[in-house]
Structure formats: C-alpha cells, structure tokens
Amino acid sequence: APGAVTCGSVLKLLNTRHSVRLHSHEVKYGSGSGQQSVTGVEASDDANSYWRIRGKSDSSCQRGTPVKCGQAIRLTHVNTGKNLHTHHFPSPLSNNQEVSAFGDDGEGDDLDFWIVQCSGTYWEREDAVRFKHVGTEVFLSITGEQYGHPIRGQREVHGMPAANHHNYWKAMEGVFIKPSLDPAKHDEL
C-alpha cells in the first residue's frame with residue numbers, strides 16, 4: 001500500500017470540517033483532569049502538531065508496516081512524549097468528553113488506544129478517517145469552540161459519541177516511514 005500511513009510515521013492530522021490541526025503543548029487544563037491540553041490550531045507550520053503513529057504495543061506495529069483499517073493505535077505527541085487520551089471528564093467549553101495528552105515518554109495506559117476507522121484495507125494518506133476511542137467509544141472531534149487566553153483562537157478537541165462530519169481527520173505534513181524489506185527473506189550468502 002504505497003500511499004498508506006505506516007507505523008512509526010510522524011505526521012499532522014487535519015480536521016477536515018474545521019481546517020485545524022491536532023495539537024498539544026505544555027499547557028494544562030484548568031478544569032477536569034488537569035492533564036495536558038489538546039487543541040486544534042490553524043497554523044500548518046506549528047512544531048507542536050506532530051504525532052507519532054504507534055501500535056497498542058511496539059511489537060504490534062512494526063516500523064514501516066501499513067496501518068490497517070480497524071487497527072488500534074496510539075498517537076504520541078512528539079514534543080512532549082504524551083499520548084492522545086480521553087476519559088470521563090467534561091471538556092471545558094462544549095461539555096463533551098475531555099481529550100488530553102497523558103503519560104510519560106510514550107507510555108500511558110489503556111485509555112490511549114484509538115481504532116482507525118476507514119473504508120478500505122489500509123489507512124491511506126488521502127483518506128478522511130475517524131478515530132474511535134477503544135475504552136469509551138467516543139470519536140475524536142472538533143465542533144468549533146474557541147479558547148481565549150492563554151491559547152486564544154485554538155479550538156477545543158473533545159470526544160463525541162456520534163459519528164458525524166466533525167470527526168473526520170486527514171494525514172497532512174509528515175515523515176512517512178517506508179516499509180523495509182523483511183530481513184528474513186534475504187538469501188544467505
């Protein structure tokens with residue numbers, strides 16, 4: 001699958017309805033869990049919008065392997081090492097479900113797993129896909145609510161139980177790891 005998103009790739013994710021990229025930063029929620037906040041930003045060149053695609057375990061998602069539709073993944077925020085996470089706290093603006101960044105050095109807990117929902121065999125780069133949370137069954141969503149100070153203009157990211165046009169995401173800028181040849185298949189000299 002030449003155009004597939006692969007394990008180990010680092011990329012930005014665009015919410016196709018609201019034209020903002022999934023973002024995190026060292027700003028904690030002032031309510032709810034108090035964990036690191038996750039927002040949507042309009043800027044395409046913000047270094048805090050890079051996420052690494054990983055499996056439920058590192059062995060379940062070998063570097064360069066195409067991600068299958070229906071596969072559970074983790075999205076690890078590159079600059080802070082925390083995983084995209086949701087849990088039963090109300091989100092600050094819309095009172096949907098809070099989405100945070102959680103864990104240390106890429107290791108959090110079972111609430112860091114998201115199913116990639118797409119239509120074919122693999123998550124293709126040009127596809128608009130949904131991310132459905134394994135533990136609470138919400139979809140990663142933006143409905144347009146904007147924060148004021150100190151992150152003015154950034155959008156609230158939250159979880160919603162309904163699949164709709166607010167929860168489509170597309171892979172954008174990034175480094176896509178190509179599948180490596182299987183060393184076990186090489187001829188012995």
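All values derive from a computational prediction rather than experimental measurement.
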Practice task
Flag the pair E107 and R74 as a salt bridge only when some basic side-chain nitrogen lies within less than 4.0 angstrom of an acidic carboxylate oxygen.
Solution key: yes

Handout entry: Sidechain N-carboxylate O distance under 4.0 Å for R21, E173
Key = yes

Practice task
Please confirm whether R152 makes a cation-pi placement over Y147, using NZ or CZ under 6.0 Å from the six-membered ring centre and within 45° of the ring normal.
Solution key: no

Problem - Verify same cluster id: L22, M160 (apolar side-chain graph, 4.5 Å) - result: no

Exercise for the section: Go through the side-chain N and O atoms of S33 and E98 and say whether any donor and acceptor fall under 3.5 Å apart. Expected result: yes

Practice task
Kindly determine whether H23 and S49 satisfy side-chain hydrogen bond (donor to acceptor under 3.5 Å, both in side chains), including the steps that lead there.
Solution key: CA-CA 4 Å; H23 180 88; S49 302; 3.1 Å; yes

Practice task
From the options R155, E156, Q154, select the one residue that forms a side-chain hydrogen bond (donor to acceptor under 3.5 Å, both in side chains) with T39.
Solution key: Q154

Problem - Cationic N near anionic O, under 4.0 Å, D104 to K82 - result: yes

Practice task
To the nearest 0.5 angstrom, please state how far the SG atom of C118 sits from the CZ atom of F131.
Solution key: 8.5 Å

Problem - Interatomic distance, Q71 atom CD to Q117 atom CD [nearest 0.5 angstrom] - result: 13.5 Å

Problem - Path from V157 to V27 over hydrophobic side-chain contacts below 4.5 Å - result: yes

Exercise for the section: May I ask you to check whether T80 and Q36 show a side-chain donor-acceptor distance below 3.5 Å? Expected result: yes

Problem - T136 side chain vs H87 backbone, donor-acceptor pair below 3.5 Å - result: no

Practice task
Compute the centroid of each ring, for W169 and then for F139, and state whether the two points are separated by less than 6.0 Å.
Solution key: no

Exercise for the section: Decide whether T76 and R52 meet the rule of one side-chain donor and one side-chain acceptor closer than 3.5 Å. Expected result: no

Exercise for the section: Please confirm whether R130 makes a cation-pi placement over Y168, using NZ or CZ under 6.0 Å from the six-membered ring centre and within 45° of the ring normal. Expected result: yes

Practice task
Kindly assign one of parallel, tilted or perpendicular to the pair F102 and H85, based on the angle between their ring planes and the thresholds 30° and 60°.
Solution key: tilted

Problem - F89 reachable from V138 in the ILVMFWY side-chain graph, under 4.5 Å edges - result: no

Handout entry: Single-linkage hydrophobic cluster L13~V10, side-chain heavy atoms < 4.5 angstrom
Key = no

Handout entry: Hydrophobic cluster identity match, L93 and V38, side-chain contacts under 4.5 Å
Key = yes

Handout entry: Polar side chain donor-acceptor pair, H25 to S37, under 3.5 angstrom
Key = yes

Exercise for the section: Go through the side-chain N and O atoms of S91 and N96 and say whether any donor and acceptor fall under 3.5 Å apart. Expected result: no

